[in-house]
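Worksheet for the structure shown next.
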2 protein chains.
Amino acid sequence: MTQKKSSFQDIRDTVMARIQSRHWPPGSLLPTEVELAEEFGCARATVNRALRELADQGVVDRKRKSGTRVNAAPVKQAVFEIAVVRQSVEEMNAAYRYSLVKRTVITAPAWLRARIGVKDEAQVLHLNCMHYADNRPFQFEERWINIAAVPDVIDVDLSETGPNEWLLSQVPFSNAELTSTAIAAGETLSEFLDVPQGAPLFQMERTTWFQGTPVTFVRMTFHQGYQMRTRY
Amino acid sequence: MTQKKSSFQDIRDTVMARIQSRHWPPGSLLPTEVELAEEFGCARATVNRALRELADQGVVDRKRKSGTRVNAAPVKQAVFEIAVVRQSVEEMNAAYRYSLVKRTVITAPAWLRARIGVKDEAQVLHLNCMHYADNRPFQFEERWINIAAVPDVIDVDLSETGPNEWLLSQVPFSNAELTSTAIAAGETLSEFLDVPQGAPLFQMERTTWFQGTPVTFVRMTFHQGYQMRTRY
DNA sequence: TAGTGGTCTAGACCACCGC
DNA sequence: CGGTGGTCTAGACCACTAA
């Protein structure tokens, strides 16, 4: 009742603490915004912002008329950063080196057309690249770029900087779909990543769209022992 | 100038569109909130909310006095859901089955103490579990639970439901750190997951804290071919 | 239909920080 | 110092939806 706390962060944290302490157990109903505003001695908009953040976080569910309820089965979300290879390497205080292995223009094979959704005759730029950290293999990158989506790519010199950095400068703020999996090193990967054939490797695939049109599909295979980290 | 659009979502989307169309290229400065409010014919608070969402998304950077700037190197974030095993299996329309393989109480080994930060004499509950989808191996779970953090765990029957679901009911809204990697199946894993020794497997480790104290460390190894999916 | 959250407003004061 | 975003207020109207 008329506490001295007022900022939306105080309210957010206080409510969170009450939920964690089971003062408001999972599944229970919180007081209305008006009631909380009264208790905290602030405007309803301030309470609204606090509760909205908790809702975005997945801690509570809000519905008009029914009120704000503590989420019983919290859908936990983890956020991880999609770093450019160069950055991840440099953050390890390692020297980054890039090498373009292969560059060809082909018509999109059937599996790629199905995968990213381009037309039959679509021309794509197919690239193989290697990324090194302190001269040790870090990532093998195999990429296909939809030339129709970014025609300039044909004239870009990709021998010095990787395609990802150029693409980011061309189509920032794109959408993507990622999958991660474990695979066994085949002949090519074992050579480029310097591991025995059959070695377990962490592989990530990403399809990227810009304003609805597919731009690129990339398959990134990391050195043995690579770990992806994240928190929540 | 004095457009008819007014909602913060309209403003957010319009600004985003201008950024994508390079009307405001990466690195450039946006008009001030007051100017935008004037253009859109709305209150400054509305513009503030729109720009704040774009800032949370990582699209723009905001600084007092300097203004709002289009992020040149967008730190892309991907969000993936931390699902309970049962849910992931059931979402595949497969029948879920759980089995407790082993349950022992031990004093925390040195590597675990270092890993999660508990005292030398700490007692932990060590569990091995299997999760099946349509009677095919889905995930092998090896878990250590800090008994001091959740004393009740000693008396809980974990033969029917997995420890994760019980823990979630006890300490919802905890913090965690995750790592994902690819490993080769050893003897135990090859037996439980029914794969050849040396098969590449996707493994995720998670350490969980509740209000600052370590609760559990779990190592989850998935069936061969498992893919983790995410979008942004 | 009535109760709840969702949003907007016009104004205000403050905190930060580049100049 | 002054300009910019960060936040709060008191009030208003609207949109959804459970009863």
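Every chain is numbered from 1, with letters handed out A, B, ... down the list of sequences. Scope of the values below: all heavy atoms of this structure, side chains included, with no hydrogens, waters or symmetry mates. All figures in this text were calculated on a predicted structure; none of them were measured in a lab.
Closest to the Thr46(B) side chain, of the nucleotides dT9(C), dC17(C), dG5(D), is dT9(C). In the set dG5(C), dC17(C), dG6(D), dC17(C) carries the atom at the smallest distance from any side-chain atom of Lys65(B). Relative to the side chain of Arg44(B), the nucleotides dC13(C), dG5(C), dC16(C) differ in distance, and dC13(C) lies closest. Closest to the Asn48(A) side chain, of the nucleotides dT7(D), dG5(C), dG6(D), is dG5(C). Taking only side-chain atoms of Phe8(B), from C-beta outward, the nucleotide of dC8(C), dG6(D), dT4(C) with the closest atom is dC8(C).
Both Leu51(B) and Lys63(A) lie near DNA chain D, and the one whose nearest nucleotide falls closer to the 5' end is Leu51(B).
Counting to the nearest Å, the C1' atom of dT4(C) and the CG atom of Asp61(A) are 15 Å from each other.
Salt bridge annotation for Arg206(B)-Glu177(B): absent, with no cationic side-chain nitrogen under 4.0 angstrom from a carboxylate oxygen.
Across all strands shown, Glu35(A) has no heavy atoms under 4.0 Å from either base or sugar-phosphate atoms. Among the atoms of the strands shown, only primed sugar atoms or phosphate atoms (P, OP1, OP2) are found under 4.0 Å from some heavy atom of Arg49(B).
Using a 4.0 Å cut-off, no side-chain N or O of Ser66(A) falls inside it from OP1 or OP2 of dG5(C).
For the residue pair Gln139(A)/His223(A), the side-chain donor-acceptor check at 3.5 Å is not satisfied.
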